Novice: 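One structure is given below, represented as structure tokens, and several questions about it will come after.
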Amino acid sequence: NSDKLLEFRVMPYAKNQRLLIVRDVTTYRQMDENRRHFVANVSHELRTPLTVLQGYIEILEMSAQDDKMQLKTIQVLDQQTARMCALVEQLMTLSKIEGAATLDFHESINIPALLTQIESEAIALGRKKSQSIQFKMDPKLSVVGDEMQLRSAMSNLVYNAINYTPEGGCIKVLWKKLPEGAYFCVMDTGDGIAPEHILHLTERFYRVDASRSRDTGGSGLGLSIVKHALSHYDTKLQIESNVGEGSQFSFIIPNNYIC
Ligand code: ADP
């Protein structure tokens with residue numbers, strides 16, 4: 001039946017034998033597709049009222065200059081609305097990335113230019129925490145694909161490093177050619193992550209410390225976005241971390257995507 005979506009898996013069975021497992025995943029895929037559409041639509045609908053709210057909060061802030069109590073309340077409103085806006089943006093990005101069945105691999109992305117943009121934003125953010133931010137990149141190394149997806153993947157890793165590294169820490173970003181492909185790596189001297197959490201980090205809404213992540217404005221969607229963006233390049237996010245010492249998030253884009 002051509003309407004059915006089947007998943008095949010071959011497993012070792014007995015000596016010199018293999019077991020072929022065929023699973024009908026039609027309903028599962030349909031449900032997942034419905035969930036994605038629902039999330040995309042809700043996030044899109046939330047965007048407009050949130051922008052209107054932000055506008056009115058700005059007006060209130062201007063008219064409450066002398067009233068300290070009022071100003072404090074308005075600041076909280078402002079922070080929480082900004083958090084909601086960021087969450088909605090992340091939800092929309094994730095839905096878009098999950099929904100793209102394949103990428104158009106004809107478009108060449110100027111990665112050094114993209115990383116230069118991320119670098120200046122990172123330096124501005126890092127300055128607030130007196131962090132040292134160092135980018136080292138091969139100026140000629142670019143890949144094909146979708147710019148939005150790679151920008152999301154790379155910037156999420158860089159901003160996480162800044163968020164989860166205390167004041168005065170150091171963040172290093174590398175983009176260079178290895179024999180296996182184009183290597184991207186973000187190293188930080190931050191809190192680090194305990195081994196039992198590492199396997200779950202790319203699940204939607206997974207956060208090691210929800211209250212900590214909430215303080216930094218985190219939604220728990222960033223690494224999920226990274227995982228989906230990388231799946232288009234047949235590659236995976238590698239995470240190495242030591243609690244109290246820091247973390248390293250990296251991936252290799254295979255040679256056939258380099259242009
Ligand atoms: P969030 O929006 O909460 O940052 P992510 O999906 O980007 O969500 O990350 C998931 C969780 O992984 C974070 O809540 C945080 O606990 C942990 N994490 C991510 N990056 C780092 C890092 N560089 N150092 C320490 N912990 C990290």
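In this text, all values refer to a predicted model and were calculated from it rather than measured experimentally. When a ligand or atom number is given, it counts from 1 through the structure's own listing order.
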Novice: More than 12 heavy atoms of other residues, nucleotides or ligands under 6.0 Å from CZ of Arg23: yes or no?
Specialist: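 For Arg23, atom CZ is not crowded (no more than 12 foreign heavy atoms under 6.0 Å).
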Novice: Between Gly222 and ligand 1, does any nitrogen or oxygen pair lie at a separation below 3.5 Å?
Specialist: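 It does: an N or O of Gly222 is found under 3.5 Å from an N or O of ligand 1.
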Novice: Hey, does Ser219 sit under 4.0 Å from ligand 1 if you only count heavy atoms?
Specialist: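 Yes, Ser219 has a heavy atom closer than 4.0 Å to ligand 1.
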Novice: Need the ligand 1 atom indices (1-based, order shown) with element for anything under 4.0 Å from a heavy-atom of Gly218.
Specialist: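 In order of numbering, the contacting atoms are 1 (P), 2 (O), 3 (O).
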Novice: Which protein non-hydrogen atom lies closest to atom 7 (O) of ligand 1, naming both residue and atom, and how far is it?
Specialist: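 Nearest neighbour among protein heavy atoms for atom 7 (O) of ligand 1, to 0.1 Å: Asn160 ND2, 2.8 Å.
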Novice: Just which atoms of ligand 1 are under 4.0 Å from any heavy atom in Leu221?
Specialist: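 Counting atoms of ligand 1 from 1, those under 4.0 Å from Leu221 are 6 (O), 8 (O).
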Novice: Kindly assign one of parallel, tilted or perpendicular to the pair Tyr233 and Tyr257, based on the angle between their ring planes and the thresholds 30° and 60°.
Specialist: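 Judged by the thresholds at 30° and 60°, the geometry between Tyr233 and Tyr257 is perpendicular.
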Novice: Is the NE2 atom of His200 crowded by more than 12 outside heavy atoms at less than 6.0 Å?
Specialist: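 More than 12 within 6.0 Å, yes.
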Novice: List the closest protein heavy-atom neighbour of atom 3 (O) of ligand 1: residue, atom name, distance to the nearest 0.1 Å.
Specialist: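 Residue, atom and distance for the closest contact: Ser213 OG, 2.5 Å.
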Novice: I want to check something: taking the side chain as every heavy atom from C-beta on, are Phe184 and Ile111 in contact at a cut-off of under 4.5 Å?
Specialist: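 With C-beta onward as the side chain, the pair stays apart.
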Novice: Would you tell me whether Asn41 and Glu45 have side-chain atoms, one donor and one acceptor, within less than 3.5 Å of each other?
Specialist: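 Note: Asn41 and Glu45 side chains miss the donor-acceptor criterion.
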Novice: Here's a test for you: under side-chain contact (heavy atoms from CB on, under 4.5 Å), which of Glu58, Arg83, Glu61 qualifies with Asp78?
Specialist: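 Considering Glu58, Arg83, Glu61, a side-chain contact (heavy atoms from CB on, under 4.5 Å) with Asp78 is found only for Glu61.
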Novice: Looking only at protein heavy atoms, which one is nearest to atom 6 (O) of ligand 1, and how far off is it?
Specialist: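 Nearest neighbour among protein heavy atoms for atom 6 (O) of ligand 1, to 0.1 Å: Leu223 N, 2.8 Å.
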Novice: For Val208, is at least one N or O under 3.5 Å away from an N or O on ligand 1?
Specialist: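 There is such a contact, yes.
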Novice: Between ligand 1 and Phe249, can you find any atom pair, the residue atom being a heavy atom, that is separated by under 4.0 Å?
Specialist: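 Contact present.
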Novice: Taking atom CZ of Arg36 as the centre, does the number of heavy atoms from other residues, nucleotides or ligands within less than 6.0 Å exceed 12?
Specialist: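 Enclosed.
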Novice: Can Asn163 and Lys129 be counted as having a side-chain donor-acceptor contact under 3.5 angstrom?
Specialist: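 No, no side-chain donor-acceptor pair sits under 3.5 Å.
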Novice: Nearest protein heavy-atom contact for atom 15 (C) of ligand 1: which residue, which atom, what distance?
Specialist: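 Atom 15 (C) of ligand 1 sits closest to the protein heavy atom Tyr164 CZ, 3.6 Å.
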Novice: With backbone taken as N, CA, C and O and side chain as the heavy atoms from C-beta onward, which portion of Thr165 lies under 4.0 Å from ligand 1: side chain, backbone, both, or neither?
Specialist: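 Neither; nothing of Thr165 gets under 4.0 Å from ligand 1.
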Novice: Checking Gln248 against Ser250: is there a side-chain donor and acceptor pair closer than 3.5 Å?
Specialist: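 Short answer, no.
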Novice: For ligand 1, is there an N or O atom under 3.5 Å from any N or O atom of Tyr206?
Specialist: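 No, no N or O pair falls under 3.5 Å.
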Novice: Could you list the atoms of ligand 1 found under 4.0 angstrom from a heavy atom of Ser247?
Specialist: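 Within the 4.0 Å cut-off of Ser247, ligand 1 contributes 24 (N).
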Novice: Would you say the side-chain atoms of Ser120 pair up with the backbone N or O of Gln117, donor to acceptor, closer than 3.5 Å?
Specialist: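 Yes, the answer is positive, given that a donor and an acceptor are paired below the 3.5 Å cut-off.
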Novice: Closest non-hydrogen protein atom to atom 23 (N) of ligand 1, residue and atom name please, with distance?
Specialist: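 Going by distance alone, atom 23 (N) of ligand 1 is nearest to Asp188 OD2, 2.9 Å.
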Novice: Would you check whether Gln90 has a nitrogen or oxygen atom less than 3.5 angstrom from a nitrogen or oxygen atom of ligand 1?
Specialist: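 No, no N or O pair falls under 3.5 Å.
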Novice: Looking only at N/O atoms, are Ile193 and ligand 1 under 3.5 Å apart anywhere?
Specialist: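 Between Ile193 and ligand 1 (N or O atoms, distance only) the closest approach is not under 3.5 Å.
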Novice: In this structure, does ligand 1 have an atom that sits under 4.0 Å from one of the heavy atoms of Leu201?
Specialist: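 True for this residue.
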Novice: Are any of the N/O atoms in Arg207 less than 3.5 Å from those in ligand 1?
Specialist: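 In fact, backbone or side chain, Arg207 has no N or O that close.
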Novice: For ligand 1, which is the ligand I care about here, please tell me if Gly220 has any N or O atom under 3.5 Å from one of the ligand's N or O atoms.
Specialist: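 Gly220 vs ligand 1: N/O contact under 3.5 Å present.
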Novice: Would one find more than 12 heavy atoms of other residues, nucleotides or ligands at under 6.0 Å from atom NZ of Lys72?
Specialist: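 Atom NZ in Lys72 is not packed in, count stays at 12 or less.
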Novice: Is there a side-chain contact between Leu223 and Asn156 in this structure, where contact means two heavy atoms from C-beta onward sitting under 4.5 Å apart?
Specialist: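 Not touching, per the 4.5 Å side-chain cut-off.
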